[in-house]
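Per chain, numbering begins at 1; letters A, B, ... match sequence-line order.
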Protein chains: 2
Amino acid sequence: MSGERQSRANKEDHPVETAPSMEDRHVASVAVAVDVVPFGLRDGALHAALVRVGHADEAGLFAFPGGRVQPVESLDVAARRCLERHLSPTGSFLEQLYAFGEPGRDPSSRVVSVAYLALVPQTEEAPGVHWFPSSDLPPLAYDHGAVADKALDRLRGKLAYTNIAFGLLADGFTLAEFQKVYETILGRALDRRNFRKKVLALELVRPMGRVRHGPHRPAELFQFAQRALTTVETPLTKKG
Amino acid sequence: MSGERQSRANKEDHPVETAPSMEDRHVASVAVAVDVVPFGLRDGALHAALVRVGHADEAGLFAFPGGRVQPVESLDVAARRCLERHLSPTGSFLEQLYAFGEPGRDPSSRVVSVAYLALVPQTEEAPGVHWFPSSDLPPLAYDHGAVADKALDRLRGKLAYTNIAFGLLADGFTLAEFQKVYETILGRALDRRNFRKKVLALELVRPMGRVRHGPHRPAELFQFAQRALTTVETPLTKKG
DNA sequence: ACAAAAGTGTTCAAAGTACACCCATGA
DNA sequence: TCATGGGTGTACTTTGAACACTTTTGT
């Protein structure tokens, strides 16, 4: 917060400002953008959505969807706009991740980017959007490699202590599918019985009273009890 | 990331840009600032450092130290500069907290501010800096009330699963002082015996082989085993 | 019938929680 | 000597971890 006024106030109290203020100059010294890291499941594996960078230094590379923050919109709104420009599903989970602001991160101009983590349930195809396995991303433009790392860390961290998985699964999933989400993202196997016990004891998911018929014994279908981010006290993922 | 180039690239692929780009205009549409929330202990209670806002709409109110990000400095560097302008101690713990960017948060101009959490061990006096109990802050300028809330949440959260307390205590503290940090910030009492057992078992702190003499039995002095942020697997704070 | 995935319970180990007494010192 | 805070150990409860067999269906 503060910004212009804060800056002025500080100078009055403490004249040792390190550099002259940019307030009255007619060029933008630092621009603000958002970048959105959209995760989704494809074939049971975690994928991230990327778009191609069209030209200049980074031409041909992939990057996460993003763009400038407009003068009248909040960061959250800008992030959702950038997400929905490429991927239709509204109501996707979206939360702020981290602000990246190294001076050299965009070689052509000084841009501070606020990164967002997005989860999209059904990874439908969309023009210009390329889905890559999160464990095997192509070379990325700017510092989007670091952005991807941060997003994955955040997702892993929240998986253990929240119901964030609701962002990846539409209601009507089997417990095996649910467990596979955890195993995929955490990169380790979990015990079927303990997993079931825990997610039911925590009332994270609820049986819907329907079953899905496959080649073998039908599986009960579940839905999330809450579709808003909820923190649980006991971790979902030690081994079970 | 991305910013200018990203924005252009997107427009090429998807002409449905919501608003005309600001790239070539000669005014900054959105400015970037940092604000630092410095926490420290005074009389065993958690306090936050504030400075007065000098003029204009927010005149007379308090705010966290902050200022514009300069064209050549990273966000982290800008935050440390703003912190050290007011509080001398170098080496304080400093980590990015959250980016605040509601259009109306600064009534005089559009400023996106990246907030930082700082922990300063010895809350020495400094000119123009006012320390307030974190539970009883004065009216704050801008949206610094929300910033303070976020900072406290972060501190509480990390207290349970990291050694972040090293930022508040200089080496050579007693276990009673260490425990009081936890009790103060969490707002609940802990069991002395269990607390000692846990922090020693986790090798969070180490006895220094020295004691402090007070009015009664001398207390053993401890130091942190690591003075870098370390995550522990088992929570430090359920009751013990 | 059988292959394949779904569903279920018990035992053991580890961690968390509660709790009360003695110790060492300065005054 | 005594008041005050410092230091320690044990029993109990809860949670986590490991583990194998039966069930249901489609083919």
Side-chain angles (χ1 to χ4, degrees), chain A residues 43-44 159-162 169 171-184 186-223 231-240, chain B residues 43-45 159-163 169 171-184 186-223 231-240:
Chain A
D43 322 314
L159 204 64
Y161 284 96
T162 74
L169 282 174
D171 283 344
F173 48 87
T174 68
L175 276 192
E177 292 167 339
F178 188 39
Q179 181 177 337
K180 187 144 195 293
V181 173
Y182 279 77
E183 293 180 331
T184 298
L186 297 174
R188 114 180 86 105
L190 302 175
D191 182 272
R192 213 162 73 247
R193 293 159 288 200
N194 293 340
F195 185 80
R196 170 183 286 256
K197 259 183 294 186
K198 195 173 287 182
V199 298
L200 290 178
L202 290 172
E203 293 182 312
L204 206 71
V205 298
R206 267 200 309 253
M208 297 175 73
R210 291 177 35 82
V211 294
R212 175 184 305 166
H213 289 267
H216 302 295
R217 174 173 177 174
E220 200 171 13
L221 294 179
F222 291 82
Q223 61 184 315
T231 300
V232 297
E233 49 307 317
T234 162
L236 289 157
T237 53
K238 293 204 170 167
K239 289 286 181 55
Chain B
D43 322 315
L159 205 62
Y161 285 96
T162 74
N163 63 343
L169 282 174
D171 284 344
F173 48 88
T174 68
L175 276 191
E177 291 167 340
F178 188 39
Q179 181 176 339
K180 188 144 194 293
V181 172
Y182 279 77
E183 292 180 331
T184 299
L186 298 173
R188 113 180 86 104
L190 302 175
D191 182 272
R192 211 162 73 250
R193 295 159 288 202
N194 295 339
F195 184 79
R196 169 182 287 256
K197 259 183 295 185
K198 196 172 288 182
V199 298
L200 290 178
L202 290 172
E203 293 182 314
L204 206 72
V205 298
R206 267 200 307 254
M208 298 176 71
R210 291 177 32 82
V211 294
R212 176 185 303 167
H213 289 267
H216 303 294
R217 174 174 178 173
E220 199 171 13
L221 294 181
F222 291 81
Q223 61 184 315
T231 301
V232 297
E233 50 306 317
T234 160
L236 289 157
T237 54
K238 293 203 169 168
K239 290 287 181 54

Subject >> Separation of D:dA17 P from A:Arg188 CZ (nearest whole Å) >> reply: 9 Å

**OP:** Nearest whole angstrom, please: distance from the P of D:dG5 to the CZ of B:Phe173.
**Re:** 21 Å

Subject >> Partner set under side chain to side chain donor-acceptor pair (under 3.5 Å) for A:Gln223, not counting sequence neighbours >> reply: none

Subject >> Interatomic distance, A:Arg192 CZ vs D:dG16 C1' [rounded to whole Å] >> reply: 18 Å

Original post:
Among A:Val211, A:Val205, A:Leu175, A:Thr174, which one satisfies side-chain contact (heavy atoms from CB on, under 4.5 Å) with A:Leu221?
Top reply: A:Thr174

**OP:** Decide yes or no for A:Phe173 and A:Val181: does some side-chain heavy atom of the first lie under 4.5 Å from some side-chain heavy atom of the second?
**Re:** no

Subject >> B:Arg196 side-chain N/O to D:dG7 phosphate OP1/OP2 under 4.0 Å >> reply: yes

Subject >> Value in whole Å for how far the C1' atom of D:dC19 lies from CG of A:Leu190 >> reply: 15 Å

Original post:
Can you name the nearest heavy-atom pair linking B:Pro207 to B:Glu220, along with the distance?
Top reply: CB-OE2, 3.4 Å

**OP:** Scan for side chain to side chain donor-acceptor pair (under 3.5 Å) pairs involving residues 202-213 of chain B, sequence neighbours excluded, and state none if there are none.
**Re:** B:Glu177-B:Arg212

Subject >> Interatomic distance where CZ belongs to A:Arg212 and P belongs to C:dA5 [whole Å] >> reply: 14 Å

Subject >> Atom-pair distance (CZ on B:Phe195; P on C:dT17), nearest Å >> reply: 14 Å

Mind listing the N/O atom pairs, protein and nucleotides 23-27 of chain C, below 3.5 Å?
unit_1: C:dC23; atom_1: O2; unit_2: B:Arg217; atom_2: NH1; d: 2.9
unit_1: C:dG26; atom_1: O4'; unit_2: B:Pro215; atom_2: O; d: 2.9

Subject >> Side-chain touch B:Val232/B:Asn163, heavy atoms, less than 4.5 angstrom >> reply: no

Subject >> Distance, rounded to the nearest Å, where B:Phe222 contributes CZ and D:dG6 contributes C1' >> reply: 10 Å

Original post:
What integer distance in Å separates B:Phe178:CZ from D:dG6:P?
Top reply: 15 Å

Using nucleotides 9-15 of chain D, report all nitrogen or oxygen pairs with the protein that are shorter than 3.5 Å.
unit_1: D:dT10; atom_1: O4; unit_2: B:Lys197; atom_2: NZ; d: 2.9

Original post:
Which of parallel (below 30°), tilted (30 to 60°) and perpendicular (above 60°) describes A:Tyr182 and A:Phe195?
Top reply: perpendicular

Original post:
Do the non-hydrogen side-chain atoms of B:Leu236 and B:Leu159 ever get within less than 4.5 Å of each other?
Top reply: no

Subject >> Among C:dA6, D:dG16, D:dG7, the one nearest B:Glu220 by side-chain distance >> reply: D:dG7

Subject >> Contacts of type ring-ring contact (aromatic ring centres under 6.0 Å, His included), residue A:Phe222, not counting sequence neighbours >> reply: none

